[in-house]
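By convention in this document, chain letters (A, B, ...) are assigned in the order of the sequence lines, proteins followed by strands, and residues within each chain are numbered from 1.
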Amino acid sequence: MDYLQGLNPNQKLAVTTTEGPLLVIAGAGSGKTRVLTTRIAYLIRERQVPPYRIAAVTFTNKAAQEMRERLHALIGPSAEQVAMGTFHSLCVRILRSEVAYSAYQPNFQIFDQTEQLALIREVCRELNLDPKRIPPKALLASISKAKDELITPEEYPAAGGDFWEQTVAKVYGKYQQKLVQNNALDFDDLIMVVVRMFQQHPQIKNKYQERFEHILVDEYQDTNRAQYELVHILAQRTGNICVVGDEDQSIYAFRGADIRNILEFEKDFPGAQVVKLEENYRSTQNILGAANSVISNNTERKAKQLWTKRDPGEKAVFYQGDNERGEARFVADTIRRLQKERGWSYRDFTILYRTHALSRVLEEEFMRSGVPYRIVAGLRFYERKEIKDLLAYLRLINNPHSDLSFVRVVNTPKRGIGASTIARLSAYAQEFGISLFEALSYLDGIDGLSPRFVKALRGFKNLIDSLCEQSGELDLTELVQAVLEQSGYLAELQAEGDEEAQIRMENLQEFLSLTKQFETEGSAADLGALLEYVALISDVDTYDAEANAVSMMTVHASKGLEFPVVFIVGLEEGIFPHARSTFEEGQVEEERRLMYVAMTRAQERLFLTCAQQRTLYGATRPNAVSSFVREIDGQYLEEQGSSFMSVQRILPPTAPKPGVSPDAYQVGDKVEHKVWGRGMVVSVSDSGGDLLLSIAFPGKGIKKVMAHLAPITKV
DNA sequence: TATATAGTGTTTTTT
DNA sequence: ACACTATATA
């Protein structure tokens, strides 16, 4: 049992307590993933549990992947047999096997938020609801909440409820009907449908209860009601349920996560044992002390004190800039200083913020001072228009009855098929209860369609029919290429020819390399598998820790990650904690947990910054220092010069470049930028003695820089 | 049917 | 400030 070596006593206990319910309270950086993987290895090796009888649930694909890799290293190929994945991917797998017991066809698809909203808007139109008075987003939030709580449209309180609930009930019913019509499920459905199936068909429930002897759940503090129910059902027979979590890191209440699940585990699972992992292996004493002093202000938590054997390290540093630019300058200067003086690499630094809106100033400052950076999440690959268009084509080929995909691509690229034509087609389809695509077979029977539109629609039908045929013969990459070429999509982009079209084409190229990779790696490389894969992955999954650049992300995105040096920026009242949280005490506690998560990402150094005055959303206002900063025990904190000048003394600014003459740059000049690489000047304008250049960097877009300040050289 | 303009709402979002 | 959406107009 050499793999138990090096575990501390509580970690060992968490690994070897294999029978009955077990709650592992795993503080930040306490070796949680190691415990989980070792536990699975222990079950297989020491307790002779067959690997396929173990289910391990995580919250991200990345976490599942990491766990699988580590398990593989411990026990070899049998790691592949463990049912490991996110709640959603596990449910999709169950649903695939038992689809006959559901309301869906085997080739069902999964709708993301954009598609959900499109459907809601459609329902609102049909019900004559004013989207201004009744925002589709709010409707979707209410529906999603209902699904998280396993409430069906029929059960939704229509009669007894207030006006809002009555409205939601109406929309919910129609929305669900449309989902089924589209043979589609939203993310919430995936869980709810499986739970319902278990409840209605005891033989299926029994099958999975028999199958899984041991259930492990990671990040239990972030489970919602439906997920709780699923876990509960699966574990009912054996009672072998191990959940791992930390109530102090519960930051997804707004998505339905119910902190109650972890706080009351012992009530829900009588006889449960509890193991606490309080030794932190990640951060220095000062960082941990600072984080502890903040989180101890929360009341909704179990008493817990993280400790570490590590050295005290340096104190956390607090800095207040005059404004957001001064703050950004401090961050950039400090990074360059530590990089030079202490030998850190750019990849060792991470900047965390409460909202994406704060990233822009930092970006500008980094660009100016030549610090390489990348933003994690934010602009999402799979939410880009061109990718979604392409996916809609692929979905339509996979399932021609998908009306939503149909509407998305029928006039993309432009084929002269507009809203009124689609409305006529749609009316016909509705009358006969068929899909839009099917309706294309009866074009002669539709009133009010002039020959011009009939011809356009027929052309579209031929295109899709032809692509469907080809999909049988071509491999995935070839099929995607065929779609892009035969649909005219690529041609339209080429015709546009501007920088934006260029980027879109590169993204599509990127998608092609993804399908190539999928083909070589995936066991089942068919279209359905690809669509399912892209529906369930996110961008944090593709976060690459290798690239040598400073990373920036929201605090939410940083969960589960760790970095040598962390900057938490925008620590101002109203920003962090966010203004919308200050009304309810429960929400302030959630913000505090968010702050705690942010602080505990840091291994060696922690910097906390804010600005006296900030321009945000077009308004400039003075901001008070975040109450969270004031909650930090003074012994762990050191204040650094509050004006830009004092930083300058420590670090001389970049040597000023010689002045730029008005004709130093001309449109068409090729330049080399320290961060963005090679580019071409597309516009030059005079700006207070300096030149403002717009430079097009292939694949990175057009960036505006000051000739005098930017790290560029002519080539 | 495609395009220009006005209006709107701006936390976080593992899936 | 800005990006996205709904509506008016050519």
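Proximity of Thr58(A) to the phosphate of dT14(B): no side-chain N or O atom is located under 4.0 Å from OP1 or OP2. Between His356(A) and dT13(B), a side-chain N or O to OP1/OP2 separation shorter than 4.0 Å is present. Between Thr615(A) and dA1(C) there is no side-chain N or O to OP1 or OP2 distance below 4.0 Å.
At a cut-off of 3.5 Å, with distance as the only test, no side-chain donor of Asp246(A) or Tyr220(A) sits close to an acceptor on the other residue.
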message: Assess the residue pair Thr620(A) and Gln613(A) against the criterion (side chain to side chain donor-acceptor pair (under 3.5 Å)); give the C-alpha distance rounded to whole Å, side-chain angles, the decisive distance to 0.1 Å, and a yes or no.
response: CA-CA 7 Å; Thr620(A) 305; Gln613(A) 199 179 55; over 6 Å; no

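Of the candidates dT1(B), dT12(B), dT5(C), the closest approach to any side-chain atom of Phe254(A) belongs to dT12(B). Side chain of Thr554(A), nearest nucleotide from dT10(B), dT13(B), dT5(C): dT13(B). Of the candidate nucleotides dA2(B), dT13(B), dT11(B), dA2(B) has the atom lying nearest to any side-chain atom of Lys414(A). Of the candidates dT14(B), dT11(B), dC2(C), the closest approach to any side-chain atom of Arg360(A) belongs to dC2(C). Closest contact between the side chain of Phe59(A) and the listed nucleotides dT14(B), dT12(B), dA6(C) involves dT14(B). Nearest nucleotide to the Tyr252(A) side chain, out of dT10(B), dT12(B), dT14(B): dT14(B). Among the nucleotides dT13(B), dT11(B), dA2(B), the one closest to the side chain of Thr355(A) is dT11(B).
Heavy-atom distances to DNA chain B give each of Phe453(A) and Tyr617(A) a nearest nucleotide, and the one nearer the 5′ end belongs to Phe453(A). Between Thr421(A) and Lys137(A), it is Thr421(A) whose nearest contact on DNA chain B lies nearer the 5' terminus.
If you take CD1 of Ile568(A) and P of dT11(B), they are 20 Å apart, rounded to a whole angstrom. In this entry the distance linking CZ of Arg125(A) with P of dT7(C) reads 10 Å, nearest Å.
Separating the CD1 atom in Ile351(A) from the CG atom in Leu358(A) is a distance of 11.5 Å, to the nearest 0.5 Å.
If you take atom P in dC4(C) and the same atom in dT13(B), they sit 16 Å apart, rounded to whole Å.
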